[in-house]
S.K.: 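I have a structure I would like to understand better, so I am pasting it below and will then ask my questions one at a time.
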Amino acid sequence: MKPSIPKGTRDFSPTEVANRTYIMNTIKTAFETFGFQPIETPSFENSSTLMGKYGEEGDRLIFKILNSGDFLKKADEKLLSEKESIKVTSQISEKALRYDLTVPFARYVVQHQNEITFPFKRYQIQPVWRADRPQKGRFREFYQCDADVVGSQSLWQEVEFIQLYDTVFSKLGLENTTIKINNRKILSGIAEVIGAQEKLIDFTVALDKLDKIGQEKVEAEMLSKGITEEAIQKVQPLFSFEGSNLDKLTSLEKMLSTSEEGKNGVEELRFVINSITELGLQSANLEVDVTLARGLNYYTGAIFEVAAPKGVKMGSIGGGGRYDDLTGIFGMPDVSGVGISFGLDRIYLVLEELKLFQSVDLPKPKVLFLNFDAETDIVKMKAITTLRNAGIKCEMYPDLAISNNQQKKQWKYATNREIEFVVSKVEKERYLLKNMQNFEQTECSLAEIIEKVK
RNA sequence: GUGAUUGUAGCUCAGCUGGUUAGAGCGCCGGAUUGUGGUUCCGGAGGUCGCCGGUUCGAAACCGGUCUUUCACCCCA
């Protein structure tokens, strides 16, 4: 049998684990600096917790777990024979792998509301699973690093999350990321102005193609989707949506003057933009992007998305937003939440592409005891124990070398693993210690080894 | 879900338009040489050419299906 792993999953080598840990620790440190506390939730949840939270497309991408036992016996005969996959699935699968960290978190908040002091700031770094087609930067198992606040309506949270993005990416040496920001209320306002809520998605999708296919074709696409000429006229400013964030806000304000909700969204956005302008960012750029809609239908206020530096072809490396009703679904209304997510795996790929990883020291022994004779094994193991107790990483080559070639293999092992010191000979409490870098060889006592190696 | 793309020794790949026992480098194992290493040399193990079926006198090479890889669309981290 040829060994293999499922589509969209990966193994990680020691070096990769080290690099991933480095990213994770950077994010974790920033989270804690900003006052977030860690929680963890199960890998799988009840299907009812997850289904219907991510839209139709999302439901399709959730990995379902089959019930145990004779699950088919409990399924409806008629549905089975008619091959009603979706309905049958709900009968034979009651659990599913988590799709993101936000919905399980909302569930957590509602379930533990009596133990929580609000506003509650939590972070969570765990894998999530999606039954997607893998491609560049897209996996079926990947890590999300989420930070959310529930129980605060203050827009300062939005401001702080932008600072948090900036802090993490700056620390990682990843400069010139673009934090795109939009507001669901602005989108609602646009929908109001063009006179159709359900056409909003078509509208933003078409608008997003502006720099690719040009204004004429975008307008043509909108018309074909049933958006009226008159409506397109009303939102004309969006077609020349250039310039500074403040310019954009000004034209949005004019355009949405007839929509209460739209004006509200512009106000919120203005507060965030002004605050960030005042506070400054280290290396990220903040950019108003009205085409930013995101599929997650639970966002109600701010919407974030982070793009990698220009020139790196990669989907968004972070995203988030404000959701006012998420805990309401679980029976806890009127709790506003806002949060962001970092895509660990994509950040990894971007850092790799830009060669931003420092060379990491892999765990390895500092001293290797060669194994050329069995008589001194006990002496060597005792010495190793002493060194380990002194905090020095060391080990004995496990297999005894009999032939010349086998001895050579041990030297080669030390070379390949870049081990700094080798003890090749032990005689009457005296150890032959070799420095592998400068080839210097000295006979010394155990205490002297500790001294030299430290 | 749509459209492409990939699949040959542990790894990286050769193998021309179908034709004899399928190759190389690295790695691995054994040995020689080097006083205790990164050199050089000799030898060896290891492949049902992703899988199934078809075309053909003959297929790793052609065709179909399937799985896998990578990529674009969709969507997303």
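Nothing here was measured: the structure is a model prediction, and the numbers come from that model. Below, read A as the first sequence line, B as the second, and so on, with proteins coming before strands; counting in each chain starts at 1.
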S.K.: Please determine, by modelled atom types, if A:Asn46 and A:Thr49 share a side-chain donor-acceptor pair under 3.5 angstrom.
M.R.: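 Their side chains do not contain a donor-acceptor pair, so the 3.5 Å distance test is not met.
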
S.K.: OP1 or OP2 of B:U68 less than 4.0 angstrom from a side-chain nitrogen or oxygen of A:Lys7, does that happen here?
M.R.: yes

S.K.: Which word best sums up how the rings of A:Tyr323 and A:Tyr299 line up, parallel for under 30°, tilted for 30 to 60°, or perpendicular for over 60°?
M.R.: tilted

S.K.: Between the base of B:G37 and the side chain of A:Lys409, is there any donor-acceptor pair under 3.5 Å?
M.R.: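 Absent.
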
S.K.: Calculate the interatomic distance between A:Arg133 atom CZ and B:U69 atom P; express it in whole Å.
M.R.: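 Computing the A:Arg133:CZ to B:U69:P distance gives 11 Å.
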
S.K.: For A:Glu443 and B:U36, what is the distance between atoms CD and P respectively, to the nearest whole Å?
M.R.: 17 Å

S.K.: Quantified in whole Å, what is the P atom distance between nucleotide B:G7 and nucleotide B:U12?
M.R.: 12 Å

S.K.: On a whole-Å scale, what distance lies between the C1' atoms belonging to B:G25 and B:U20?
M.R.: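 Taking atom C1' in both B:G25 and B:U20, they lie 26 Å apart.
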
S.K.: Separation of A:Glu418 atom CD from B:G37 atom P, in whole Å?
M.R.: 19 Å

S.K.: What integer number of Å spans the P atoms of B:U17 and B:U55?
M.R.: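 These two P atoms come out 24 Å apart once rounded.
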
S.K.: Can you tell which of A:Asp289, A:Ile303, A:Leu292, A:Ile273 makes a side-chain contact (heavy atoms from CB on, under 4.5 Å) with A:Ile181?
M.R.: A:Ile273

S.K.: Kindly state whether the pair A:Phe142 / B:A77 counts as stacked, where counting means centroids closer than 5.5 Å and planes tilted less than 30° apart.
M.R.: yes

S.K.: When the P atoms of B:G31 and B:U6 are compared, how many Å lie between them, rounded to an integer?
M.R.: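 45 Å, rounded to whole Å.
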
S.K.: Fit a plane to each ring of A:Tyr54 and A:Tyr99, take the angle between them on a 0 to 90° scale, and name the class: parallel (under 30°), tilted (30 to 60°) or perpendicular (over 60°).
M.R.: tilted

S.K.: How many whole angstroms separate atom OH of A:Tyr54 from atom P of B:C75?
M.R.: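 The answer, rounded to whole Å, is 19 Å.
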
S.K.: Would you say the base of B:U36 and the side-chain of A:Gln410 have a donor-acceptor pair closer than 3.5 Å?
M.R.: no

S.K.: Identify the residue among A:Ile384, A:Leu370, A:Leu368, A:Val423 that makes a side-chain contact (heavy atoms from CB on, under 4.5 Å) with A:Met396.
M.R.: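 Only match with A:Met396 under side-chain contact (heavy atoms from CB on, under 4.5 Å): A:Ile384.
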
S.K.: If the cut-off is 4.0 Å, is A:Gln135 near the phosphate of B:A72, judged by side-chain N/O to OP1 or OP2?
M.R.: yes

S.K.: Would you mind reading off the distance between A:Arg60 atom CZ and B:C75 atom C1', rounded to a whole angstrom?
M.R.: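 Atom CZ in A:Arg60 sits about 9 Å away from atom C1' in B:C75.
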
S.K.: What integer number of Å spans the P atoms of B:G10 and B:G47?
M.R.: 8 Å

S.K.: In terms of side-chain heavy atoms, does A:Glu16 have a donor or acceptor partner in A:Ser13 at a distance below 3.5 Å?
M.R.: yes

S.K.: Between the side-chain atoms of A:Thr415 and the base atoms of B:G38, is any donor-acceptor pair under 3.5 Å?
M.R.: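 Check fails, no donor-acceptor contact within cut-off.
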
S.K.: Check every strand shown and say whether A:Gln144 touches a base, only sugar-phosphate, or nothing at a heavy-atom separation below 4.0 Å.
M.R.: sugar-phosphate

S.K.: I'd like to know if A:Lys408 reaches the base of B:U39 with its side chain such that a donor and an acceptor end up less than 3.5 angstrom apart.
M.R.: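 Answer yes: a donor N or O sits under 3.5 Å from an acceptor.
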
S.K.: Considering every strand and a 4.0 Å limit on heavy-atom distances, what is the contact class for A:Tyr143: base, sugar-phosphate, or nothing?
M.R.: nothing

S.K.: Relative to each other, are the rings of A:Tyr348 and A:Phe357 parallel, tilted or perpendicular (30° and 60° limits)?
M.R.: tilted

S.K.: Sticking with atom P, work out how far B:G58 lies from B:U40, rounded to a whole angstrom.
M.R.: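 Pairwise P distance, B:G58 against B:U40, rounds to 48 Å.
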
S.K.: Rounding to an integer number of Å, can you tell me how far A:Asp132 CG sits from B:G1 P?
M.R.: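 My rounded result for the distance is 11 Å.
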
S.K.: Centroid separation under 6.0 Å, is that true for the rings of A:Phe31 and A:Tyr123?
M.R.: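 Judged by ring-centre distance (under 6.0 Å), A:Tyr123 and A:Phe31 do meet the cut-off.
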
S.K.: Expressed in angstrom and rounded to an integer, what is the separation of A:Arg130 atom CZ from B:A77 atom P?
M.R.: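 My rounded result for the distance is 5 Å.
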
S.K.: Side-chain donor-acceptor pair under 3.5 Å between A:Glu94 and A:Ser47, yes or no?
M.R.: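 On atom types as modelled, these side chains do not qualify, holding no pair under 3.5 Å.
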
S.K.: Taking atom C1' in both B:A45 and B:G54, what distance in whole Å separates the two?
M.R.: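 The answer is 36 Å between these two C1' atoms.
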
S.K.: Base, sugar-phosphate or nothing for A:Gly137? Non-hydrogen atoms, less than 4.0 Å.
M.R.: base

S.K.: Is there a donor and acceptor pair, one atom on the side chain of A:Arg346 and one on the base of B:C76, closer than 3.5 Å?
M.R.: yes

S.K.: Under a cut-off of 3.5 Å for both distances of each Watson-Crick or G-U pair, what dot-bracket string does RNA chain B give, using [ ] for crossing pairs and | for inter-strand pairs?
M.R.: ((((..(..((((.....[...)))).(((((.......))))).....(((((..]....))))))..))))....

S.K.: Provide, to the nearest angstrom, the distance between the CH2 atom belonging to A:Trp411 and the C1' atom belonging to B:U33.
M.R.: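 Distance, rounded to whole Å: 18 Å.
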
S.K.: Which part of the nucleic acid does A:Leu344 contact within heavy-atom distance under 4.0 Å: base, sugar-phosphate only, or nothing?
M.R.: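 Counting heavy atoms under 4.0 Å across all strands, no contact is made by A:Leu344.
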
S.K.: What distance, rounded to whole Å, do you find between the two P atoms, one in B:U8 and one in B:C13?
M.R.: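 That atom pair is separated by 9 Å.
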
S.K.: Does any N or O donor sit under 3.5 Å from an N or O acceptor when you compare the side chain of A:Arg138 with the base of B:U70?
M.R.: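 Side chain to base: no pair below 3.5 Å.
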
